[in-house]
Amino acid sequence: MNTGVVMTREAIANVAGNFRIYGTLLESQPYGSGHINDTFAVTYSQAGTRVRYIIQRINTQIFKDPEAVMENILRVTDEGFRRLIEADVADPSRCVLTVIPTKEGCSHTRDAQGGIWRCYPFIEGARTYDIIRNARQATEVAKAFGEFQRLVAGMKGPRLHETIPAFHNTRSRFEKLRAMVEADPKGRLASVQREWGFLREREALVDVLLDLQAKGEIPERITHNDTKLNNVMVDDATETGICVIDLDTVMPGLALYDFGDMVRTATSPAAEDETDLSKVRMQMPMFEALVRGYLSSAGGFLNEAEKAHLSFSGKLISLEVGIRFLTDYLEGDVYFKTKHPSHNLDRCRTQLALVASIESQEEEMRRFVDAQ
Ligand code: ADP
Ligand code: GN1
Ligand code: MG
């Protein structure tokens, strides 16, 4: 089971000591609710001022080429920083992540067990949310993700590395699930017949965006690919989305994958692992707020086919993540961090409930987008 790494204070101090941070380490604690990396907040005294940093162990079971991940992140954050300076933004270091180098000038360091770590300044006066609070927040978050896509759109140089190949390839996600159903390595299939049936009925959906891309109707762009609500920092004072974080999957992708994941994570009032499925629903006011926010920053570069599939993308990404949670459940919880044996199944069920909720409102969603 993937439960994340346990680190002693001394082990964290050893890792943190490799970065170009001066002062004295005061404390450290595990931080955040991400499913992939091991994240710690560390506090230093720097000449009497408390300063925090984020230290993160990259999950190298998932990101097989961490150097490529860091190369992408350096390129994207440099580009973002440059563009923000050009635009005269007041405090760019709160609006884009800064990679803090090691004492040797490298973007990451290796611990005694071979774990790969990186370090960012802690963005203060802001936080992430696991559940959306109100429509205004939805607009702000969508605007921030759209702005992120806009900032990196014109980046020069070679194509970014694909840090996880076929990450959003919904056909291969479906085929992996089918293979896991056939192998049933943990004997869990009997308990998921209803979920597997729901997904099988919707198999045709997984090819829709891939086909449009193959026909050239939807272009490849530089996208974030993990635009969960809790991957954007929201300013405590202004409630604006100030900084997009979790940049491991920034790579070539479809803008619709990003919008779809916003719908998946920012329209329902329920947690991703809620077990009372009657609480899971796609709330139309949140969807409308997301569309407004996203179009305000990304509307200028999206084409008609992309705009026409905004509501579909929410359904597809909820389906895709449902497929991934179910696959991981059948495989024995090897990918996402889990806290108990049915955690991935609970998460799968909320995703499928969300798909059903979107299906019941799809016409209305489409009409709203068309009217923009
Ligand atoms: P994961 O891939 O595991 O989701 P993230 O990079 O999203 O890892 O980090 C996990 C959580 O840590 C985020 O949701 C956020 O709350 C917090 N976090 C990450 N980077 C920063 C930062 N630079 N400043 C403040 N909080 C951060
Ligand atoms: C993971 O890292 P985190 O928690 O932001 C996952 C996403 C899933 C999401 C489901 C690299 O995101 O793809 O959509 O969990 N990230 C990776 O909550 O697989
Ligand atoms: Mg995250």
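Each ligand, and each atom within it, is numbered from 1 in the order the structure gives. Nothing here was measured: the structure is a model prediction, and the numbers come from that model. The residues of the chain are indexed from 1 along the displayed sequence.
- Taking the six-membered ring where tryptophan is involved, the planes of H340 and H343 are essentially parallel, since the angle between them stays under 30° and well short of 60°.
- For ligand 2, the atoms lying closer than 4.0 Å to a non-hydrogen atom of V321 are 14 (O).
- Residue contacts with ligand 1, taken as heavy atom pairs separated by less than 4.0 Å, involve N231 solely via side-chain atoms from C-beta onward.
- Cation-pi geometry between R292 and Y294 is not met: the NZ or CZ atom fails to fall both under 6.0 Å from the ring centre and inside 45° of the normal.
- Counting heavy atoms closer than 4.0 Å to ligand 1, residue C243 contributes nothing at all.
- Within the 4.0 Å heavy-atom cutoff, R264 counts among the residues contacting ligand 2.
- A 6.0 Å sphere centred on CZ of R82 holds more than 12 heavy atoms belonging to other residues, nucleotides or ligands.
- The closest non-hydrogen atom to atom 8 (C) of ligand 2, taken over H35, E320, R324, comes from R324.
- Taking any N or O of D246, backbone or side chain, at least one lies under 3.5 Å from an N or O belonging to ligand 2.
- Contact annotation: for D246 versus ligand 1, heavy atoms closer than 4.0 Å belong to both the backbone and the side chain.
- Enclosure of atom NZ in K228 by more than 12 non-hydrogen atoms of other residues, nucleotides or ligands within 6.0 angstrom is indicated.
- Inclusion of I123 in the set of residues having an N or O under 3.5 Å from an N or O of ligand 1 is warranted.
- Between S33 and ligand 2, a contact under 3.5 Å exists for no N or O pair.
- An N or O contact shorter than 3.5 Å links N230 to ligand 1 by distance.
- Here's the thing with N230: none of its N/O atoms is less than 3.5 angstrom from an N/O atom of ligand 2.
- Counting heavy atoms under 4.0 Å from ligand 1, residue N37 touches it through both backbone and side chain.
- Between the Mg ion (ligand 3) and N37 there is no N/O/S contact shorter than 2.8 Å.
- Residue side and main chain included, D246 places an N/O/S atom under 2.8 Å of the Mg ion (ligand 3).
- The protein non-hydrogen atom at the shortest distance from atom 11 (C) of ligand 1 is G32 CA, 3.9 Å.
- Residue I245 holds the heavy atom nearest to atom 18 (N) of ligand 1 of all those in T98, I62, I245.
- Considering backbone and side-chain atoms alike, E272 places an N or O below 3.5 Å from some N or O of ligand 2.
- For a threshold of 3.5 Å applied to N or O pairs, the pair formed by T128 and ligand 1 contains at least one separation below that value.
- Comparing heavy-atom distances from atom 6 (O) of ligand 1 across R94, K337, R118, Q56 singles out Q56 as nearest.
- Using a 4.0 angstrom heavy-atom cutoff, M233 counts as in contact with ligand 1.
- For the pair I54 and ligand 1, the shortest N or O to N or O distance does not fall below 3.5 Å.
- With ring centers used as reference points, Y53 lies 6.0 Å or more from W117.
- Salt bridge annotation for D261-R264: present, with a cationic side-chain nitrogen under 4.0 angstrom from a carboxylate oxygen.
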Before giving the answer on side-chain hydrogen bond (donor to acceptor under 3.5 Å, both in side chains), spell out for T39 and N37 the whole-Å C-alpha distance, their side-chain angles and the decisive distance to 0.1 Å. CA-CA 6 Å; T39 304; N37 294 312; 5.7 Å; no
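- At least one N/O-N/O distance between Y335 and ligand 2 falls below 3.5 Å.
- Counting protein heavy atoms only, atom 23 (N) of ligand 1 is closest to P121 O, 3.1 Å.
- Residue A126 places no heavy atom under 4.0 Å from ligand 1.
- If you number the atoms of ligand 2 from 1 as listed, the ones under 4.0 Å from a heavy atom of F63 come out as 11 (C).
- Using bins of under 30°, 30° to 60° and over 60° for the plane-to-plane angle, the ring pair F336/H35 lands in the perpendicular bin.
- Just one residue in the list V280, D276, V321 forms a side chain to side chain contact (heavy atoms under 4.5 Å, CB included) with T350, and that residue is V280.
- Under a cut-off of 6.0 angstrom, the local environment of NZ in K176 is sparse, with at most 12 non-hydrogen atoms contributed by other residues, nucleotides or ligands.
- Y329 carries R188 over the face of its six-membered ring, with the cationic atom under 6.0 Å from the centre and within 45° of the normal.
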